[in-house]
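Written below as structure tokens is the structure these notes are about.
On a predicted model such as this, the values are computed, not experimentally measured, just so you know. What you see below is based on every heavy atom in this structure, not just the backbone, and it leaves out hydrogens, waters and symmetry mates.
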Amino acid sequence: MSFPLLTATAVLPAVGAIATAAVPAARRTAAKWLALLVSLATLALAIVVLVRFDPDGDRYQLTESHAWIKAFGVRYELGVDGIAVALVALTALLIPFIILAGWHDADPLETGSRRWRPTQGFFALILAVEAMVIISFESTDVFVFYIFFEAMLIPMYFLIGGFGDRAHEHGEKAAATQRSYAAVKFLLYNLVGGLIMLAAVIGVYVVAGNFSLQEIAQARADGSLHMATSTERWLFLGFFFAFAVKAPLWPLHTWLPNAMGEATAPVAVLITAVVDKVGTFAMLRFCLQLFPEASKWATPVILVLALISIIYGALLAVGQRDIKRLVAYASISHFGFIIMGIFAMTSQGQSGATLYMVNHGISTAALMLVAGFLISRRGSRLIADYGGVQKVAPVLAGTFLIGGLATLSLPGLAPFVSEFLVLVGTFTRYPAIGIIATFGIVLAALYTLVLYQRTMTGPVKAEVAKMPDLRVRELVVVAPLVVLLIFLGVYPKPVTDIVNPAVRQTMSDVHQTDPKPEVEAAK
């Protein structure tokens, strides 16, 4: 039997989480280093998966399949296509930076505080989330996917509620109340989505007799499995609702600003750059592949909801006075672009959406982590409490600017390519939607540049006059992300070469081809 590489990629951080949690309480530093080493080893395995994956080979590669619950047709099936490989690599890449950025976020609070922050638990929970996200990307059994899709809510709940941001304008007691509220809201929203999806998962089994994604999709393609139109639409809605909550899509988005605002900056990155990608990924893998006709039926409504997310998220970002909530609303706008690209049903749109998942993860990580370093120095999340930072901490201000420019999709930085592809792909089939969506770019420029102007330029406020610049550990976190933003902005081919074959296969699943140009090119 060949080495189960995909299983190892998910099991390693899970075992690392258990080992980190078991480190004695007095050995906090040892727990941190153990978690970091496990995350780096997981990254090494993800790189092996990336290298061994052949974009021109079979759709699902490095597959594993073992009987699990025979009575219900549940199998432990794993396999990756180009989209999954890219997102596994993104997850494994970001976790070491998240751990380094949060190196002191779970240290004991100042003397006199009644609340103890168990360092080992913080890093163990991060590794547990990594394990569950990776196996969600790898699973090709609907039931196995559902288990880990829901299970990741538990460690995320404790990360938000138990290890929230220390910077709160109304003190520790108010901060604890807000953390609890944000954690419960996150859990309830996602649990409701998951319960609705569970009903749809059971419906899939009743109709198909098994949970294997590949078998069901193949049976749908060759006509041996027929779903009534109404049945397919109801099942699609059950799956899509859960994924739209996770993504998050308007109007199911309201948990995200609370969660990101109250979480530490590294955990906020874990939410929006890693966990939320499971929702958009699952739309491509499960909604389009299992329910192609229902996906096309729902496309007009979904595109309108995505468009609302783009404009609504950007408008609310413009009016924010809290740095982290601004980034949260900007992410809602960006997820609108991703979902719009998926359901534009064009190869450019879906390639752009997949590339956007990767690029958004990197750009949001860069911006939010630098914002976290800034907030930890000043002890405030309010934009009004800053001013003139670039004069006392130029490296911090410079990296903050690059992260912000990536957020507004400046040409030459990675998100520009993906956003451009999404808009082009949408415009070719739905020109009105594509045109209106471009206003999101204008609003992105407004909220990003206003944020930078109010925090980094102008007179130096007394509270930031002695603010230190980025330290070595913080530079180690930020510098690789900046390099990736520039590299993928200039040369996105390594990612597009991996994801494009999978996108073509997805387009085939929904029986769609790209619209022909209305005006033929001159010969």
Side-chain angles (χ1 to χ4, degrees), residues 3-14 16 36 38-57 59-64 78-100 126-127 129-140 148 152 269-270 272-282 284-285 338 350-366 414-415 417-418 477 480-489 491-503:
F3 180 73
L5 185 57
L6 297 185
T7 295
T9 309
V11 167
L12 179 58
L36 179 60
V38 169
S39 68
L40 291 172
T42 305
L43 174 58
L45 283 176
I47 292 172
V48 174
V49 171
L50 189 62
V51 170
R52 290 189 57 184
F53 182 80
D54 179 10
D56 298 320
R59 179 170 191 172
Y60 294 104
Q61 300 178 33
L62 306 174
T63 55
E64 303 172 30
L78 304 181
V80 287
D81 60 1
I83 299 169
V85 163
L87 294 175
V88 167
L90 172 69
T91 302
L93 173 70
L94 291 180
I95 296 299
F97 296 128
I98 289 171
I99 290 173
L100 271 176
I126 291 175
L127 291 176
V129 172
E130 178 182 22
M132 294 175 187
V133 169
I134 287 176
I135 202 165
S136 296
F137 290 142
E138 296 174 344
S139 176
T140 57
F148 292 99
M152 69 179 72
V269 172
L270 187 64
T272 190
V274 176
V275 171
D276 287 353
K277 297 298 187 299
V278 178
T280 47
F281 163 80
L284 278 165
R285 170 165 281 191
I338 294 171
Q350 292 187 357
S351 293
T354 305
L355 187 60
Y356 212 143
M357 292 186 222
V358 176
N359 292 338
H360 172 264
I362 298 170
S363 63
T364 299
V417 180
S418 44
V477 171
L481 297 174
V482 171
V483 170
L484 278 172
L485 286 174
I486 297 171
F487 175 77
L488 292 177
Y491 190 65
K493 190 173 183 293
V495 180
T496 55
D497 283 350
I498 292 173
V499 304
N500 282 346
V503 166

What is the minimum heavy-atom distance between [X] and [Y], and which atoms define it?
| X | Y | answer |
| --- | --- | --- |
| A131 | A14 | CB-N, 3.7 Å |
| D497 | P501 | O-CD, 3.3 Å |
| A84 | D81 | N-OD1, 2.9 Å |
| A8 | P13 | O-CD, 4.5 Å |
| T63 | G79 | CG2-CA, 4.1 Å |
| I135 | A10 | CB-CB, 3.9 Å |

Taking the side chain as everything from C-beta on, heavy atoms only, tell me whether [X] gets closer than 4.5 Å to [Y].
| X | Y | result |
| --- | --- | --- |
| F281 | S136 | no |
| L488 | V417 | no |
| S363 | L485 | yes |
| V358 | S418 | no |

Audit row: I362, L90, side-chain contact (heavy atoms from CB on, under 4.5 Å) steps and yes/no: CA-CA 8 Å; I362 298 170; L90 172 69; 4.0 Å; yes
CA sep, side-chain torsions, deciding dist, call: L94, V274, side-chain contact (heavy atoms from CB on, under 4.5 Å): CA-CA 8 Å; L94 291 180; V274 176; 4.1 Å; yes
Rounded to the nearest 0.5 Å, how far apart are [atom1] of [X] and [atom2] of [Y]?
| X | Y | atom1 | atom2 | value |
| --- | --- | --- | --- | --- |
| E64 | T140 | CD | OG1 | 9.5 Å |
| F3 | L62 | CZ | CG | 11.5 Å |
| L78 | T7 | CG | OG1 | 4.5 Å |
| I83 | R59 | CD1 | CZ | 8.0 Å |
| T91 | F137 | OG1 | CZ | 4.5 Å |
| I338 | D276 | CD1 | CG | 9.5 Å |

Keeping the roles fixed (side chain from [X], backbone from [Y]), state whether a donor-acceptor pair exists under 3.5 Å.
| X | Y | result |
| --- | --- | --- |
| T272 | V269 | no |
| K277 | L87 | no |
| R285 | S139 | yes |
| N359 | A414 | yes |
| T364 | G361 | no |
| E130 | I95 | no |

Qualifying residue, where the test is side chain to side chain contact (heavy atoms under 4.5 Å, CB included) with I134 and the options are T9, L12, L6: T9
Pair L93-L484, side-chain contact (heavy atoms from CB on, under 4.5 Å): steps then yes or no: CA-CA 11 Å; L93 173 70; L484 278 172; 3.5 Å; yes
Evaluation steps, side-chain contact (heavy atoms from CB on, under 4.5 Å), between L284 and T354: CA-CA 9 Å; L284 278 165; T354 305; 3.7 Å; yes
